[in-house]
> 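Dumping the structure here so I can ask a few things about it.
Since this is a predicted model, take the numbers as computed values, not measurements.
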Amino acid sequence: MTASGAFAQRIAGLANADAELAARLRRAGSSRPPSEFRARQAGGAAAGLVVAGGVLSAAGMGLPLVFAGALAAAAAVYGATEHSLERQIAVRRTQITEELPIVAEQVGMLLASGMSLRGALEAASRRGQGICAEGLARVGARVAGGTTVEVALAEWADDAGSADIRRFVGVLTLHEDTTDIAALVSDEARSSRMEAHRRLIAHIERRNEQVWIPVTVAALVPGSVLLAIPFSDALSEYVAL
């Protein structure tokens with residue numbers, strides 16, 4: 001590969017990385033551009049590098065340990081920012097899962113009353129206050145700007161990065177192919193509610209397991225200690241014989 005080809009490939013890779021980061025920031029509900037996020041991330045890593053290096057040097061550590069510790073601190077700060085971003089994305093996905101059944105039910109009822117899809121989406125966005133309502137408000141703004149409702153809905157699904165919203169949007173885009181779109185939306189709302197209930201039950205069961213494991217261990221350890229005392233005494237007497 002020529003030098004110009006390698007440089008072009010490198011630029012393309014950086015552009016793809018920025019596009020991926022931009023999508024992750026949108027899914028986290030952040031309006032910051034990727035360049036600002038990367039600048040803060042690099043600044044935090046550099047600060048961790050300097051602080052850790054200074055602390056280890058003041059403690060009298062050797063140069064190899066200072067270098068390794070400073071790099072580890074920088075990597076930890078870098079990883080912490082990535083983890084925080086993924087945490088924000090996960091929290092918003094959970095909120096979407098909880099909000100979408102309600103929004104879908106409202107849209108289904110509005111469509112059943114004879115309202116157009118655009119009108120139903122705008123009305124649902126005004127009635128709600130959560131993430132889904134904000135997304136529908138952006139859809140309405142895009143449609144008012146001249147974008148078709150199908151394209152605006154697809155953009156919302158891509159920005160949200162939620163499988164639930166993608167299914168909901170997939171049903172809504174059938175409004176020109178079916179005369180009973182309200183029933184389809186209502187069915188999707190019920191499906192979303194059942195899925196949210198299933199996830200809630202699974203979450204509760206995992207939390208119960210996390211609680212019962214330490215409780216069980218705490219209950220067994222004292223009994224094990226009490227059994228070990230006479231066993232240790234008997235073993236000591238046997239050794240003394």
Side-chain angles (χ1 to χ4, degrees), residues 13-49 51-52 71-107 121 124-142 151-170 172 188-189 191-211:
L14 292 175
N16 291 334
D18 284 345
E20 180 182 357
L21 178 58
R24 292 170 62 203
L25 289 171
R26 289 194 299 270
R27 291 167 187 172
S30 175
S31 59
R32 288 185 296 173
S35 58
E36 181 181 343
F37 178 84
R38 289 302 186 197
R40 292 189 178 185
Q41 192 176 45
L49 182 72
V51 171
L71 287 180
V77 173
Y78 183 91
T81 57
E82 290 289 331
H83 177 74
S84 177
L85 179 60
E86 291 300 323
R87 177 66 177 172
Q88 294 173 20
I89 293 173
V91 169
R92 284 180 65 87
R93 283 178 178 169
T94 300
Q95 293 174 343
I96 288 172
T97 301
E98 295 172 352
E99 296 173 8
L100 188 59
I102 300 174
V103 172
E105 288 173 352
Q106 292 178 351
V107 173
L121 296 178
S125 68
R126 291 193 299 268
R127 294 181 180 182
Q129 297 180 348
I131 298 174
C132 292
E134 293 175 359
L136 291 180
R138 289 195 298 272
V139 169
R142 291 284 291 155
V151 172
L153 286 170
E155 292 175 350
W156 174 41
D158 290 339
D159 290 345
S162 168
D164 297 329
I165 289 183
R166 288 194 181 95
R167 288 196 303 269
F168 179 53
V169 167
L172 292 178
E188 178 61 25
S191 176
S192 297
R193 188 174 293 280
M194 292 174 60
E195 179 65 17
H197 181 71
R198 185 191 66 79
R199 293 177 182 176
L200 177 61
I201 295 299
H203 177 70
I204 292 174
E205 290 177 350
R206 287 195 299 269
R207 292 294 298 271
N208 288 338
E209 291 175 359
Q210 293 174 357
V211 171

> For L153 and L121, work out which heavy atoms get closest and say how close.
CD2-CD1, 4.0 Å

> Could I get the full list of side-chain hydrogen bond (donor to acceptor under 3.5 Å, both in side chains) partners for E36, not counting sequence neighbours?
R40

> Starting at CG of L25, measure out to CD1 of I89 and round the result to the nearest 0.5 Å.
7.5 Å

> Minimum heavy-atom separation for P34 to A22, with atom names?
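That would be CG-CB, 3.7 Å.
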
> When you measure from the side chain of E99 to the backbone N and O of I131, does any donor-acceptor pair fall under 3.5 Å?
yes

> So, for S162 and I96, which heavy atoms are closest and what is the spacing to 0.1 Å?
OG-CG2, 3.7 Å

> Using a 6.0 Å cut-off, check whether atom CZ of R32 has over 12 heavy atoms from anything other than its own residue.
yes

> Are the side chains of W156 and L136 in touch, meaning some heavy atoms are under 4.5 Å apart?
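Answer yes - side chains close enough.
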
> Kindly give the heavy-atom pair with the smallest separation between A160 and I165, and that separation in Å.
CB-CD1, 3.6 Å

> I102: what forms a side-chain contact (heavy atoms from CB on, under 4.5 Å) with it, not counting sequence neighbours?
Q106, R193

> List the atom of A52, the atom of A73, and the distance in Å for their closest heavy-atom pair.
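Heavy atoms of A52 and A73 come nearest at CB-CB, 3.4 Å.
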
> Pair up each side-chain donor or acceptor in residues 77-86 with any protein partner under 3.5 Å, not counting sequence neighbours, and list the distances.
from: Y78; atom 1: OH; to: R38; atom 2: NH1; distance (Å): 3.4
from: T81; atom 1: OG1; to: Q41; atom 2: NE2; distance (Å): 2.7
from: T81; atom 1: OG1; to: Y78; atom 2: O; distance (Å): 2.6
from: E82; atom 1: OE1; to: R24; atom 2: NH1; distance (Å): 3.3
from: E82; atom 1: OE1; to: R24; atom 2: NH2; distance (Å): 2.8
from: E82; atom 1: OE2; to: R38; atom 2: NH1; distance (Å): 3.1
from: E82; atom 1: OE2; to: Q41; atom 2: NE2; distance (Å): 3.0
from: E86; atom 1: OE2; to: R24; atom 2: NE; distance (Å): 3.1
from: E86; atom 1: OE2; to: R24; atom 2: NH2; distance (Å): 2.9

> Closest heavy-atom contact between R27 and G161?
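Heavy atoms of R27 and G161 come nearest at NE-CA, 3.5 Å.
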
